Amino acid sequence: GAVVSQHPSWVICKSGTSVKIECRSLDFQATTMFWYRQFPKQSLMLMATSNEGSKATYEQGVEKDKFLINHASLTLSTLTVTSAHPEDSSFYICSARGTQGNSYYGYTFGSGTRLTVV
Amino acid sequence: AQSVAQPEDQVNVAEGNPLTVKCTYSVSGNPYLFWYVQYPNRGLQFLLKYITGDNLVKGSYGFEAEFNKSQTSFHLKKPSALVSDSALYFCAVRATYNQGGKLIFGQGTELSVKP
């Protein structure tokens, strides 16, 4: 089945530094990647949608200069939290959608990244 | 506007009893509906989906869901709950293509199964 590998699983960084989170589709080509943010025991909030080779489309209220998304290849998308602050601490999850041969893979989620900014 | 509602923040069930986690939706056109489960500090695991066809959908780990168009519901069910089913459950609907086909999630229901 489809697998999306997300890492790191958890990261602690100092306020003001940048953190990069990677999501890789291991056995299919991810034409679309979705990035979500989740607060404890709450639902997933979509931050942005990226299609391979295109600029990401950000949801209303999400700062695109703060949350940089790159989807330069069909198997890799990255989310960079720039100049992180404690309020950016959260659980970030990616989800990929794509194909491999004649098979379609929809909405496969990574395992998430717990970001703590101190 | 498209939306998903999970009216119960928490559902408590005794092990061995049947469980139901409720979900209602609001979409234009035919809905694509999904159920996911999330364990602490983990991503979402796919349980099942409804695209078209039989209203009763069978999924992973013994779960099933019934699509009811007249009631705009897609409740998740399992005949006999296990303690290991305790987790956070999300219902989701796929937005229309012109909205990028993103998933719109309900607020989640925490399922607690006691021995």
Side-chain angles (χ1 to χ4, degrees), chain A residues 1-11 21 23-25 30-51 54-60 62 69 71 89-98 104-116, chain B residues 1-12 21-25 31-52 57 59-61 86-112:
Chain A
V3 176
V4 172
S5 174
Q6 182 174 347
H7 66 91
S9 298
W10 57 270
V11 58
I21 301 169
C23 263
R24 293 180 184 272
S25 57
T31 50
T32 305
M33 278 279 195
F34 303 91
W35 285 94
Y36 294 87
R37 181 174 180 175
Q38 185 183 29
F39 292 101
K41 295 199 174 182
Q42 292 190 25
S43 190
L44 282 71
M45 181 192 80
L46 181 65
M47 299 173 67
T49 302
S50 72
N51 293 301
S54 304
K55 287 185 179 180
T57 301
Y58 289 82
E59 295 295 302
Q60 195 170 9
V62 178
I69 291 171
H71 191 175
S89 299
S90 191
F91 194 59
Y92 294 88
I93 309 174
C94 66
S95 174
R97 186 178 69 186
Y104 168 75
Y105 296 97
Y107 309 109
T108 302
F109 286 80
S111 54
T113 298
R114 170 73 59 195
L115 170 63
T116 302
Chain B
Q2 295 162 94
S3 64
V4 175
Q6 293 178 243
E8 302 154 316
D9 290 336
Q10 184 158 9
V11 170
N12 298 309
V21 183
K22 295 180 180 177
C23 171
T24 58
Y25 64 90
Y32 284 24
L33 296 158
F34 302 79
W35 273 103
Y36 288 88
V37 60
Q38 184 182 34
Y39 293 95
N41 291 309
R42 301 300 302 273
L44 273 63
Q45 293 179 33
F46 171 78
L47 285 178
L48 50 81
K49 66 181 178 184
Y50 173 83
I51 305 291
T52 186
V57 180
S60 305
Y61 313 117
S86 298
L88 191 55
Y89 289 79
F90 289 101
C91 182
V93 65
R94 193 188 77 172
T96 56
Y97 184 78
N98 62 1
Q99 289 190 306
K102 62 188 177 185
L103 287 183
I104 300 168
F105 286 91
Q107 58 267 49
T109 298
E110 187 162 3
L111 173 66
S112 176

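What you see is a predicted model; the values in this text were computed from it and never measured. Residue numbers start from 1 in every chain, and the chains themselves are labelled A, B, ... in the order their sequence lines are given, proteins ahead of strands.
Closest approach of B/G106 to A/S43, counting heavy atoms only: O-OG, 2.6 Å. The two residues A/R97 and B/G101 make their nearest non-hydrogen contact at NH1-O, 3.2 Å. Considering every non-hydrogen atom in both A/F91 and B/Q38, the closest pair reads CE2-NE2, 3.7 Å.
With sequence neighbours excluded, the residues satisfying ring pair (Phe, Tyr, Trp, His ring centres under 6.0 Å) with A/Y107 are A/F34, B/F34. Taking B/N41 as the reference, A/R114 meet the side chain to side chain contact (heavy atoms under 4.5 Å, CB included) condition, with sequence neighbours excluded. In terms of the side chain to side chain contact (heavy atoms under 4.5 Å, CB included) criterion, residue partners of B/A87 (sequence neighbours excluded) are, by chain and number, B/V37, B/Y39, B/Y89.
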Passes side-chain contact (heavy atoms from CB on, under 4.5 Å), A/Q38 versus B/F105? Steps please. CA-CA 11 Å; A/Q38 185 183 29; B/F105 286 91; over 6 Å; no
For B/L103 and A/Y36, what are the C-alpha separation, side-chain angles and deciding distance, and is it a side-chain contact (heavy atoms from CB on, under 4.5 Å)? CA-CA 10 Å; B/L103 287 183; A/Y36 294 87; 3.8 Å; yes
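Using a 4.5 Å heavy-atom cut-off against chain A, the contacting residues of residues 42-52 of chain B are B/R42, B/G43, B/L44.
For A/Q6, no part lies near chain B; criterion is any non-hydrogen pair under 4.5 Å.
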